[in-house]
Amino acid sequence: MPHHPAPLTVAGPPAGRPPDGDRRAAPPKSRSRGPRARRRRETATAWGFVAPAVVVILGLSVLPVIWSLLLSFQANDLVTPSRWVGLDNYRALAADPHFAQAVRNTLLYTVLYVPLSLVGGLGLALALNRRIRLVGLYRTLIFVPFVVSATAQGVLFSFILDPEFGAANSLLTRLGLTPQGFLTDPAQALPVLVAVTLWSGVGFCVVVYLAALQDVPQSLIEAARLDGAGRRHILRHVTLPALTPVTVFLVLWQIIESLQVFDLVYVTTKGGPLGSTTVIVYFIWEQAFKSFTAGYGAAAAYVLALALGVTGLAMRLVRGRAGRKPGSTRRSRTARRTGAPPPHTPGRPATAAGTEGAAR
């Protein structure tokens with residue numbers, strides 16, 4: 001019997017799949033619903049973690065600031081109902097000799113403390129930025145006073161500088177010198193407080209300057225040495241310009257710290273003797289919680305806040321000008337376009353690259 005080939009057939013649809021005629025267009029799946037829901041869940045989770053901190057900030061920072069601003073326009077003794085007085089508290093501050101004395105003491109404290117802390121911190125940082133033996137121990141010993149609280153510093157130096165039983169006068173007597181009044185002398189009390197603060201505040205400047213000195217490009221220092229510059233010229237023309245942003249930050253930080261000094265004054269002198277160490281923050285505390293004139297103290301606090309804001313704005317402008325060198329950006333762009341070498345500074349030898357560029 002002859003063998004016939006199998007008939008050709010068209011393969012049917014796979015199992016579980018309807019034929020072409022029975023297919024229906026499936027609705028497109030929403031691609032945006034999934035990511036949006038996931039983002040909403042992530043946002044809710046993030047706010048769940050951040051909410052306690054937001055509540056603390058609002059409760060301890062924002063609301064007290066608003067309340068104290070309203071309080072500065074009122075006569076309030078924190079006991080009886082307050083009375084709106086407008087700008088009378090600020091007018092009284094302008095005519096108050098005790099507030100004027102507090103402002104003078106604070107400015108004198110700032111003028112003495114800020115430059116001395118910066119110069120001392122920079123000098124110690126330059127000395128400790130070398131490979132010397134036990135340098136880590138020296139850095140630690142200088143930084144340790146910074147972490148000591150101002151209260152502990154005040155108690156310690158109150159014993160040391162006691163005019164009758166203190167170790168300082170005992171040492172002066174053994175050296176044949178006249179004992180000093182220190183914190184009990186109106187002419188010496190404020191400079192002594194500055195010296196005590198320097199004992200602890202210089203350590204912060206040393207640490208910041210040490211970190212900044214590590215970032216000074218060594219290539220610039222080596223290039224200056226090849227040009228014949230000595231240590232003094234390298235410090236003046238290379239190191240100090242590189243430390244300018246850090247110096248501006250430290251100036252702002254130290255000014256804010258000195259304008260807000262309180263705890264050391266409270267522990268040691270309590271504003272005396274004869275008001276020679278009464279600073280603005282101590283004056284605010286005295287008016288609000290000792291004389292129970294909270295509105296008057298709040299007005300003094302906002303005068304201090306205005307001074308701090310002006311100081312911060314001025315330092316920001318100075319930092320912005322220090323970061324922009326006049327003509328440097330325009331000169332560098334022109335040099336990149338034309339391939340011209342940088343201008344030669346009189347009195348300094350021209351580099352090989354600059355000589356070749358000038359010859360071209």
Side-chain angles (χ1 to χ4, degrees), residues 105-129 132 134-175 177-213 243 246-247 249-273 276-282:
N105 292 335
T106 305
L107 292 178
L108 179 60
Y109 181 93
T110 303
V111 169
L112 292 175
Y113 171 68
V114 175
L116 291 176
S117 64
L118 293 178
V119 173
L122 179 59
L124 290 174
L126 291 173
L128 295 176
N129 194 35
I132 58 178
L134 301 178
V135 65
L137 177 62
Y138 301 148
R139 294 176 180 178
T140 303
L141 292 177
I142 292 175
F143 183 71
V144 162
F146 176 72
V147 300
V148 178
S149 66
T151 303
Q153 296 174 28
V155 173
L156 173 64
F157 281 95
S158 294
F159 282 107
I160 295 176
L161 302 175
D162 187 270
E164 296 182 2
F165 308 104
N169 274 337
S170 177
L171 179 61
L172 291 178
T173 303
R174 291 185 180 184
L175 294 176
L177 301 177
T178 305
Q180 302 296 319
F182 295 119
L183 296 175
T184 60
D185 188 349
Q188 299 179 4
L190 191 63
V192 168
L193 287 180
V194 173
V196 173
T197 313
L198 286 173
W199 177 73
S200 61
V202 169
F204 177 74
C205 297
V206 170
V207 171
V208 175
Y209 271 131
L210 273 175
L213 287 173
L243 298 180
V246 175
T247 302
F249 161 74
L250 284 177
V251 168
L252 178 59
W253 181 274
Q254 297 295 77
I255 288 177
I256 292 175
E257 289 292 322
S258 58
L259 291 179
Q260 292 181 332
V261 62
F262 167 75
D263 38 12
L264 185 62
V265 175
Y266 180 81
V267 174
T268 54
T269 63
K270 289 184 170 55
S276 59
T277 59
T278 300
V279 291
I280 293 181
V281 179
Y282 187 83

- Item | From CA spacing to verdict: side chain to side chain contact (heavy atoms under 4.5 Å, CB included), Leu190, Leu112 | CA-CA 10 Å; Leu190 191 63; Leu112 292 175; 5.6 Å; no
- Considering residues at least two apart in sequence or located in another chain, which fulfil the side-chain contact (heavy atoms from CB on, under 4.5 Å) criterion with Ala152? Val148, Ser149
- Rounded to the nearest 0.5 Å, the CG atom of Leu213 sits from the CG atom of Asn129 at a distance of 4.5 Å
- Check for a donor-acceptor pair, side chain of Gln254 on one end and backbone N or O of Leu252 on the other, with a separation under 3.5 Å. no
- About how many Å separate CD1 of Ile132 and CG of Leu137, when rounded to the nearest 0.5 Å? 10.5 Å
- For the residue pair Tyr113 and Ser258, what are the closest heavy atoms and their distance? CD2-CB, 3.9 Å
- Note on the structure: All heavy atoms of Pro186 vs all of Ser276, minimum pair found to be O-CB, 3.6 Å
- What's the shortest heavy-atom distance between Gly272 and Ala189, and which atoms? O-CB, 4.5 Å
- Query: Distance from Leu156 atom CG to Trp199 atom CH2, nearest 0.5 Å?
  - Reply: 6.0 Å
- Task: Calculate, to the nearest 0.5 Å, the distance between atoms OG1 and CZ belonging to Thr197 and Phe157 respectively.
- Result: 9.5 Å
- Item | Close side-chain approach of Ile280 and Leu259, heavy atoms under 4.5 Å | no
- Query: Taking atom OH of Tyr266 as the centre, does the number of heavy atoms from other residues, nucleotides or ligands within less than 6.0 Å exceed 12?
  - Reply: no
- Taking all heavy atoms of Pro115 and all of Thr110, pick out the closest pair and write down the distance. CD-O, 3.9 Å
- Do Leu193 and Leu183 have side chains that get closer than 4.5 Å, going by heavy atoms? yes
- Heavy-atom pair with the smallest gap, counting every atom of Val135 and Leu128: CG2-O, 3.4 Å
- Task: Compare all side-chain heavy atoms of Val192 with those of Thr268 and state whether any distance is below 4.5 angstrom.
- Result: no
- Residues in side-chain hydrogen bond (donor to acceptor under 3.5 Å, both in side chains) with Thr277, at least two apart? Thr269
- Task: Could you grab the distance from atom CD1 of Ile255 to atom CD of Gln260, nearest 0.5 Å is fine?
- Result: 12.0 Å
- In terms of heavy-atom contacts, Leu210 and Ala125 come closest through CD2-O, 3.4 Å
- Report the distance from atom CD1 of Ile160 to atom CG of Asn169, rounding to the nearest 0.5 Å. 12.0 Å
- Task: Please check if atom CZ in Phe249 has more than 12 non-hydrogen atoms from other residues, nucleotides or ligands closer than 6.0 Å.
- Result: yes
- Message: Phe204: which residues meet the ring-ring contact (aromatic ring centres under 6.0 Å, His included) condition with it, sequence neighbours left out?
- Response: Phe146, Trp253
- Task: Please assess Phe262 against Val279 for the test side chain to side chain contact (heavy atoms under 4.5 Å, CB included), listing each intermediate value before the final yes or no.
- Result: CA-CA 7 Å; Phe262 167 75; Val279 291; 5.7 Å; no
- Item | Residues Cys205, Leu122; criterion side chain to side chain contact (heavy atoms under 4.5 Å, CB included); working and verdict | CA-CA 7 Å; Cys205 297; Leu122 179 59; over 6 Å; no
- Query: Are Tyr209 and Leu124 close enough that some pair of their side-chain heavy atoms sits under 4.5 Å apart?
  - Reply: no
